[in-house]
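Worksheet for the structure shown next.
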Amino acid sequence: QVQLVESGGGLVQAGGSLRLSCLASGRTFSTGTVAWFRRSPGKEREFVAAITWSGGTTHYAGSVKGRFTISRDNAKNTVYLQMNGLKPEDTAIYYCAAGSSLVVFTTIYEYNYWGQGTQVTVSS
């Protein structure tokens with residue numbers, strides 16, 4: 001089992017920044033990839049960004065590329081999502097997810113473990 005706890009969400013004005021953190025515990029050595037997804041009201045959960053735990057390969061959704069940066073600190077078992085240039089359409093609950101694959105996938109089905117989510121609200 002892997003436990004994931006997100007933090008860092010909040011309310012920010014358009015153009016502002018936030019940094020989300022995802023702390024992993026438990027059988028973290030079995031983790032191949034960690035991803036961030038988000039769900040806006042009335043929408044399906046969508047992929048945001050992912051990083052492989054060992055090699056640091058990253059992948060981003062087109063809507064956030066150039067604005068968001070995913071990174072990891074293996075010593076702290078933590079993955080970060082730095083979000084700059086936030087827009088009102090980035091408003092959502094952001095979820096951290098972990099899977100065993102060493103290849104980055106963008107669908108929810110490849111991730112076995114999920115955090116409880118953290119709310120990000122961007123005002124215009």
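Between atom OG of residue Ser40 and atom CZ of residue Arg45 there is a gap of 11.5 Å, rounded to the nearest 0.5 Å. The structure places CG of Asn112 at 9.5 Å from CD of Gln1, a figure rounded to the nearest 0.5 Å. Residue Arg72 holds its CZ atom at 10.0 Å from OG1 of Thr58, rounded to the nearest 0.5 Å.
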Throw together a table of side-chain donor-acceptor distances under 3.5 angstrom for residues 9-26, partners on residues two or more places apart or in other chains.
from, atom 1, to, atom 2, distance (Å)
Ser17, OG, Asn84, OD1, 2.9
Ser25, OG, Gln3, OE1, 3.4

Give every donor-acceptor pair under 3.5 Å between a side-chain atom in residues 60-67 and any protein atom, sequence neighbours left out.
from, atom 1, to, atom 2, distance (Å)
Tyr60, OH, Ile70, N, 2.9
Arg67, NH1, Gly85, O, 2.9
Arg67, NH1, Asp90, OD2, 2.8
Arg67, NH2, Ser63, O, 2.9
Arg67, NH2, Asp90, OD1, 3.1
Arg67, NH2, Asp90, OD2, 3.4

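Contact annotation: the side chain of Val122 never approaches that of Glu89 to less than 4.5 Å [non-hydrogen atoms, C-beta and beyond].
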Starting from the C-alpha separation in whole Å, work towards a yes-or-no answer on side chain to side chain contact (heavy atoms under 4.5 Å, CB included) for Thr33 and Phe105. CA-CA 8 Å; Thr33 302; Phe105 288 97; over 6 Å; no
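Tyr95 and Val79 end up in different hydrophobic clusters when Ile, Leu, Val, Met, Phe, Trp and Tyr side chains are linked at under 4.5 Å. If you chain together hydrophobic residues whose side chains sit under 4.5 Å apart, Leu4 and Trp53 never meet in one group. Under the 4.5 Å side-chain heavy-atom criterion for Ile, Leu, Val, Met, Phe, Trp and Tyr, Val2 and Ile51 are members of distinct hydrophobic clusters. When the side chains of ILVMFWY residues are joined at heavy-atom separations under 4.5 Å, either directly or via intervening members, Leu81 and Val104 end up in two distinct hydrophobic clusters. Following chains of ILVMFWY side-chain contacts shorter than 4.5 Å, one cannot reach Met83 starting from Ile93, and the two form parts of different hydrophobic clusters.
For the pair Thr57 (side chain) and Thr52 (backbone), a donor-acceptor distance under 3.5 Å is absent. Under the 3.5 Å distance criterion, the side-chain polar atoms of Glu6 are matched with a main-chain donor or acceptor of Cys96.
Contacts of Phe37 classified as ring pair (Phe, Tyr, Trp, His ring centres under 6.0 Å), with partners at least two apart in sequence or in another chain: Phe47, Tyr111, Trp114.
Within 6.0 Å of the CD atom in Glu44, the count of heavy atoms belonging to other residues, nucleotides or ligands does not exceed 12.
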